There are 2 protein chains.
Amino acid sequence: MVAVDQAVEDLVQHQNERFVDARLAQESMFLMNRFGSLASALTNGYLRDLDLKVRHYSVLSLASEEQPPTQRELSDFLVLDPSQVVALVDHLEGADLVRREPDPRDRRSKIIVPTDRGREVLLQAEAQVGAASDRLLSNLTEAEQAELQGLLRKLASR
Amino acid sequence: MVAVDQAVEDLVQHQNERFVDARLAQESMFLMNRFGSLASALTNGYLRDLDLKVRHYSVLSLASEEQPPTQRELSDFLVLDPSQVVALVDHLEGADLVRREPDPRDRRSKIIVPTDRGREVLLQAEAQVGAASDRLLSNLTEAEQAELQGLLRKLASR
DNA sequence: CGAAACCGTTGAAAATGTCAACGATTAGGG
DNA sequence: CCCTAATCGTTGACATTTTCAACGGTTTCG
């Protein structure tokens with residue numbers, strides 16, 4: 001039903017047992033890195049039918065916030081080069097999911113807002129991302145999932 | 001003292017406040033992805049003086065386990081294409097940190113083992129990785145850090 | 001024995017990340 | 001009020017990373 005790479009599927013399913021106890025596998029840095037890429041690979045699979053990747057989903061999601069971002073703000077928050085944001089917004093604009101609107105406060109800036117179609121697609125995308133998340137976190141209890149999310153959020157806040 | 005990119009430094013230090021409450025910023029998938037890349041960027045900075053990146057460190061670390069890996073096992077565990085492992089091992093071998101040894105059980109395979117110099121460098125690298133980890137996790141308490149590590153490890157085990 | 005699978009390697013193509021420069025616009029100091 | 005410096009989005013070039021197909025040598029297994 002959902003088109004996920006077999007390789008990714010295997011990884012989520014059944015970790016290679018050989019080095020689970022290696023020193024490397026106990027470092028938070030390593031684990032974060034691994035699950036970061038695993039998370040995006042898995043999510044990309046779930047978003048494939050919508051012709052989106054996590055990057056596009058992220059932009060679309062932020063654009064749909066109450067106060068939509070400028071491209072510079074997207075660049076900062078998503079840690080992408082401004083030129084990458086250009087390409088990203090070009091793609092989304094080509095798919096009629098977002099528009100570039102002038103910033104009334106600064107004529108250099110452009111505010112990225114969703115189109116009606118963008119809002120519809122976002123709903124479907126959110127469902128897919130949720131499914132991917134459930135998949136990845138499936139061997140944690142609900143409480144543990146919440147705990148993990150809490151720790152990550154605390155890590156993100158200063 | 002430690003050469004970390006200013007951009008990375010800023011990111012660790014002082015998160016952009018603008019979207020910390022956005023829906024996107026509350027999804028575990030997004031946070032994992034973000035901290036995964038942040039972790040490796042930060043660690044790469046700390047490893048720069050040793051002319052290593054996390055990828056090289058990972059190989060060197062696994063090679064120093066009791067039962068050293070073949071290239072195929074490295075490829076599986078690190079989720080890298082076999083051709084990437086070739087380049088990685090080439091580099092480490094060129095720096096006299098690891099050797100390719102024949103696998104007595106299978107002449108197709110090559111076992112990656114550390115040189116004496118590799119073992120020395122690994123010690124320094126581990127110290128740097130530890131420092132990077134402390135840096136990234138600094139706004140969690142010791143208990144929370146252990147908790148996070150535990151959750152990630154549980155996530156990794158099946 | 002023979003076909004199929006697997007290992008490491010090479011090389012090419014695609015995706016992603018990084019960087020410098022530009023016109024238009026804004027901000028700030030003298 | 002100017003004039004310089006900084007910022008925004010954009011373009012284009014370049015480096016790094018990822019992905020894929022093909023290959024010789026080896027092992028597996030019917």
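Not measured: the values here are computed from a predicted model. Within every chain, numbering begins at 1; the chains are lettered A, B, ... in the order of the sequence lines, protein sequences first and strands thereafter. Below, each value reflects all heavy atoms present in this structure, side chains not excepted, and no hydrogens, waters or symmetry copies.
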Between A/Ser28 and B/Leu137, does the side chain to side chain contact (heavy atoms under 4.5 Å, CB included) criterion hold? Intermediate values first, please. CA-CA 9 Å; A/Ser28 294; B/Leu137 304 177; 4.1 Å; yes

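Considering only side-chain N and O atoms, B/Gln71 lies under 4.0 angstrom from the phosphate OP1 or OP2 of C/dT9. In this model, the phosphate group of C/dA15 is not approached by any side-chain N or O of A/Lys53 to a distance below 4.0 Å at OP1 or OP2. OP1 or OP2 of C/dA24 has not a single side-chain nitrogen or oxygen of A/Arg107 nearer than 4.0 Å. Phosphate proximity of C/dT25 to A/Arg72: absent, as no side-chain N or O sits under 4.0 Å from OP1 or OP2.
Following rounding to the nearest Å, A/Gln84 (CD) and D/dA15 (P) show an atom-to-atom distance of 17 Å. The nearest whole Å value for the distance from the CG atom in A/Leu88 to the P atom in C/dT16 is 9 Å. Spacing between atom CG of A/Leu74 and atom C1' of D/dG9 amounts to 12 Å, rounded to whole angstrom units. Summarising the geometry, the separation between NE2 on B/His91 and C1' on D/dT17 is reported as 15 Å, rounded to the nearest angstrom. Rounded to an integer number of Å, the gap from B/Asp81 CG to C/dA14 P is 16 Å. Distance CG (B/Leu78) to P (D/dT17): 14 Å, rounded to an integer number of Å. If you take CG of A/Asp103 and P of C/dA27, they are 10 Å apart, rounded to a whole angstrom. Rounded to whole angstrom, the span from the CZ atom of A/Arg100 across to the P atom of D/dG9 amounts to 9 Å.
Two residues, A/Arg108 and A/Arg55, neighbour DNA chain C, and the one matched to the more 5' nucleotide by heavy-atom proximity is A/Arg55.
A salt bridge between A/Glu93 and A/Arg99 is absent, with no side-chain N of the basic residue lying under 4.0 Å from a carboxylate O of the acidic one. With respect to B/Arg153 and A/Asp21, a salt bridge is recorded, a charged nitrogen being found less than 4.0 Å from a carboxylate O.
In this structure, a donor-acceptor pair under 3.5 Å is present between the side chains of B/Gln71 and B/Arg100.
Among D/dT26, C/dT10, D/dC8, the nucleotide with an atom closest to any side-chain atom of A/Ser109 is D/dC8.
In this structure, B/Asp106 reaches the sugar-phosphate backbone alone: every heavy-atom distance under 4.0 Å involves primed, P, OP1 or OP2 atoms, never a base. Heavy atoms of A/Thr70 sit under 4.0 angstrom from primed sugar atoms or phosphate atoms, though from no base atom. At a threshold of 4.0 angstrom between heavy atoms, the contacts of A/Arg105 with the nucleic acid are absent.
Ring pair B/His56/B/His91 is tilted by interplanar angle, where 30° to 60° counts as tilted.
Below the 3.5 angstrom threshold, one finds a donor paired with an acceptor across the side chain of A/Ser83 and the base of C/dC19.
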